[in-house]
Asks: 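Dropping the structure in here first, questions after.
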2 protein chains.
Amino acid sequence: MVSPPRPKMPGLNSLRAFESAARHESFADAAIELSVTPGAIAQQVKSLEIWTGKKLFKRHSQGVELTALGVGTLSDFTTAFDALGEAVIKLRANAVPQEIRIAALPSIAQLWLSPKLPEVRAAMPDIIISLTALEKRPIMMREPFDLAVFYNERPIPEKTIAVGDDWIFPVCSPEIAVNLNRPEDLLDQVLLHDTAWSGDWKNWFYRFLPDQKLHVTGPAFSLYSLAVEEAKNSAGILMGHSTLIGEQLASGALVAPFDHKLDIKRSLTIEIAGHGVNTSVLQNIIEMLLLE
Amino acid sequence: MVSPPRPKMPGLNSLRAFESAARHESFADAAIELSVTPGAIAQQVKSLEIWTGKKLFKRHSQGVELTALGVGTLSDFTTAFDALGEAVIKLRANAVPQEIRIAALPSIAQLWLSPKLPEVRAAMPDIIISLTALEKRPIMMREPFDLAVFYNERPIPEKTIAVGDDWIFPVCSPEIAVNLNRPEDLLDQVLLHDTAWSGDWKNWFYRFLPDQKLHVTGPAFSLYSLAVEEAKNSAGILMGHSTLIGEQLASGALVAPFDHKLDIKRSLTIEIAGHGVNTSVLQNIIEMLLLE
DNA sequence: TACTTAGGTGTAGAAAAACTAGGGGTATAT
DNA sequence: ATATACCCCTAGTTTTTCTACACCTAAGTA
C-alpha cells in the first residue's frame, strides 16, 4: 500500500536563494533582494549544497565565490527564475488589467511623478494607478510592476525611454537668492544635503569652485523632497536636480541664483514591463508623462 | 532607515501547486505528484488566487476546470518549472557524475533490470548505479533520474529506446504444466494475479477462450515478482509477460504450457534524461542492457 | 600592533508556512 | 439507494524558514 518514495528534490526556496546569491556573488546582497537576513541565505544555500553533495560556493572572509559547479548552473537557474517571474507578473497583469503599477525612486515619485498623476488619472478614470517608491530599481522580470521610473547613466539601456537629462545647480528661495551673486557666495551658506546624493555638492564645487575646500556640514535629509521643502522655507541652499525641481522653478518657489549647471551624465528614464499586457494603455500613460 | 516594502510575490510553492493542478486539471492528481494531500493543493491554489485577486479554477463537484485566466498562464508556468527542473537535474548530474540513477517499474526493476545490473556494474566499477522502483513513470524533466525503464503503448514516444514487445501467455512450474494441454484446462486451476495488471487474464481469455466466463478468484499480489515466485513454487498459473520472465523460462523454472500468446501492444522502453551529462556512459549502459 | 569593517558561520528559539485530519457537500456511477 | 470521486473548510500540528546573536577571519586603517 505504501507508494515507493520518490527521491526528494531540493526546496524551491533554496534554489531561489542560490540563484540570487550566485548572481550577486554575495549572500548579503541576496538577502537584501529576497528581504531576509544573510543567515537565512546561508542556510538555504547550505541545504542545497547538502542535497547536491558538493559545495556551490567557496567561502572567503570577505565574500563568496562560485565554484566551477556553481558557475556551470547559474545561468540555467537564472533563466528558469526569470521565466517564472515573468509568468507570475503576466498572470497578475492579466488578472487585474485595470491596475497599472508604477515603481519609482522616492524622490522621483514625489517630485516628478506625483504632480503629473492627477491629470493621467483624470484622463483614464477606469484605470487604477498605484505608485510604489523603491530605493533600488526593481528587476522588471521578477517584480510586479508595469512601469519603472528611475535614473540611468547615459547611454541609457535599451528598452528604456529617456525623459530628460539630469543637471544639478544650486537653488534656493527668492529671499535667499538676493544675497547670492557668485558661486563664492555659497561658502558661508547652509548647504542642504540628500543623504543618498551626498556627492552632489562635492561634484559641483569640484567643477565650478575647484580651489575651495567644501564644508559638508549642512543638514542632511533622507528624502530629497524634504530637502526641497526646507529650501522653500529658506532653510538653506539645495543642490537642485533639473529633473525634479521643474515645478518649483516654474512656480517661483525656488530660483537658481547662478548659471552654473553641471551635467551628471544621467537621465530620468521609464522602463516598461515585458509582459505585453496593456501595452496601449501604458503607451498612453507614458505619452502623458512625457508632455511638458 | 526602513527600506520601503516591495510588493510581495506569491510563494513559490503555491506556483508549483497551481502548475501541477492546472496541468492535471485535478487537485487530487496534483497532490499525488507532489506527495501531499489534496487539501494542501487546495490551500496553495487558494493563496495564489487571493494574490492574483481572481479565480484560477472553476470548482465542480467532480473536479476542477481552469478559468480563461488559468488557461492563459499554464503554459508559461509549465515552461518555467520545466526549465527549473532541468536545471536542478543537471546540477545534480554534474555534481555527482559517477552516479547513474535509474527509475523503473517495480516489476521491471526486479525481474528485468536487477539480473542484468551485476554485469553492468562489473564492467563499470567506478560508476554507482542506483535503482528506484516507481509505480508511475517520472517526468524526466522534473525528477532526478538518468534513465527510466517503463512500458509504453506502441507506437512508443520519440526519445525512447525500445527494448522489446510485451506479449502475455500463461506460465507455470513444470510440475503443473504436465496437466495442461489446452487452454480449457486452465478453468479449474488457480490463476495468480498482479493487482496492477488485473486485466491480463481477462484480455487473454477474451482472445483465446471468448466463450468462457472467467473466475477472477485467484490470489492477488501487489508485486509481480512475488507472483513469479509463487508460480515457481507451483502455487498456480501466472499470466507471464514476455519481457519479464525470460530468465525463468530460460532456466526452466517456469514453462509455457501453450502456444497462445497475446500481444498487448506495448513495449518495454528506456528513456534517457535530457540533461546531456554522461551521455557516453549512459549509452554504454543501455547497450549492455539491450544485449541478449 | 591594535582597531574597525565587511561578510560569512552556527545555533537556539521564534515565527511563518505548509500539511494532515476529519467532517461536509455535490455530482456521477453502480 | 448507495457508493465513489472530488473538492471545501477549519483546527491543530508539523515542518520549514527566519531572526537574533555571538563568533570567526581577512583586509584596510590608525
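The sequence lines fix the lettering, A, B, ..., with proteins before strands; numbering per chain opens at 1.
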Asks: Should B/Asp146 and B/Arg92 count as an ion pair when the cut-off is N to O under 4.0 Å?
Replies: no
Asks: Send over the distance from A/Leu34 CG to C/dA16 P, rounded to a whole Å.
Replies: 18 Å
Asks: Which residues satisfy the salt bridge (charged side-chain N to carboxylate O under 4.0 Å, His left out) test with A/Glu143, sequence neighbours excluded?
Replies: B/Arg6
Asks: Please list, for nucleotides 13-15 of chain C, all pairs of protein and nucleotide N/O atoms separated by less than 3.5 Å.
Replies:
none

Asks: Applying side chain to side chain contact (heavy atoms under 4.5 Å, CB included), can you list everything that pairs with A/Thr195, at least two apart in sequence or on another chain?
Replies: A/Ala220, A/Ser222
Asks: Rounded to whole Å, how long is the line connecting atom CD1 of B/Ile50 with atom P of C/dA17?
Replies: 13 Å
Asks: Classify the side-chain pair B/Gln110/B/Ser225 by whether it contains a donor and acceptor separated by less than 3.5 Å.
Replies: yes
Asks: On DNA chain D, which is the earliest and which the latest nucleotide, 5' to 3', with an atom closer than 4.0 Å to a heavy atom of chain B?
Replies: D/dC6 to D/dC9
Asks: Please name all residues satisfying side chain to side chain contact (heavy atoms under 4.5 Å, CB included) with A/Pro7, sequence neighbours left out, ordered by chain then number.
Replies: B/Thr132, B/Pro144, B/Phe145
Asks: Listing time: all N or O pairs from protein to nucleotides 6-9 of chain C that are below 3.5 Å?
Replies:
residue	atom	partner	partner atom	Å
C/dG7	N3	A/Ser61	O	3.4
C/dG8	OP1	A/Phe27	N	3.1
C/dG8	OP2	A/Ala28	N	3.1
C/dT9	OP1	A/Arg59	NE	2.4

Asks: Quick check on side-chain contact (heavy atoms from CB on, under 4.5 Å): which of B/Trp204, B/Tyr206, B/Phe205 does B/Leu262 satisfy it with?
Replies: B/Trp204
Asks: Is the cationic atom of A/Arg266 (NZ for Lys, CZ for Arg) positioned less than 6.0 Å from the six-membered ring centroid of A/Trp197 and within 45 degrees of its normal?
Replies: yes
Asks: Check this for me, if you would: do A/Arg59 and A/Glu49 make a salt bridge, where the nitrogen-to-carboxylate-oxygen distance has to be below 4.0 angstrom?
Replies: yes
Asks: Output every pair passing ring pair (Phe, Tyr, Trp, His ring centres under 6.0 Å) with a member in residues 16-50 of chain A, not counting sequence neighbours, ordered by first then second residue.
Replies: A/Phe18-A/Phe57, A/Phe18-A/Phe77, A/Phe27-A/Phe57
Asks: Please work out which residues in residues 13-23 of chain A have a non-hydrogen atom less than 4.0 Å from an atom of DNA chain D and list them by number.
Replies: A/Asn13
Asks: A/Ala95: which residues meet the side chain to side chain contact (heavy atoms under 4.5 Å, CB included) condition with it, sequence neighbours left out?
Replies: B/Thr52, B/Lys54, B/Leu69
Asks: For DNA chain C, which residues in residues 66-76 of chain B have a heavy atom at a distance below 4.0 Å?
Replies: none
Asks: Excluding sequence neighbours, so at least two apart, what forms side chain to side chain contact (heavy atoms under 4.5 Å, CB included) with A/Thr37?
Replies: A/Ala40
Asks: Within the 3.5 Å criterion, strictly below it, is a donor on B/His275 or B/Asn94 matched to an acceptor on the partner's side chain?
Replies: no
Asks: Among all residues two or more places apart in sequence or in another chain, which pass the salt bridge (charged side-chain N to carboxylate O under 4.0 Å, His left out) test with A/Lys46?
Replies: none
Asks: Answer yes or no: is there an ion pair linking A/Glu33 with A/Arg23, defined by an N-O contact shorter than 4.0 Å?
Replies: yes
Asks: With a 3.5 Å distance limit and no angle check, can you tell me whether B/Trp51 reaches the backbone of B/Gly11 through a side-chain donor-acceptor pair?
Replies: no
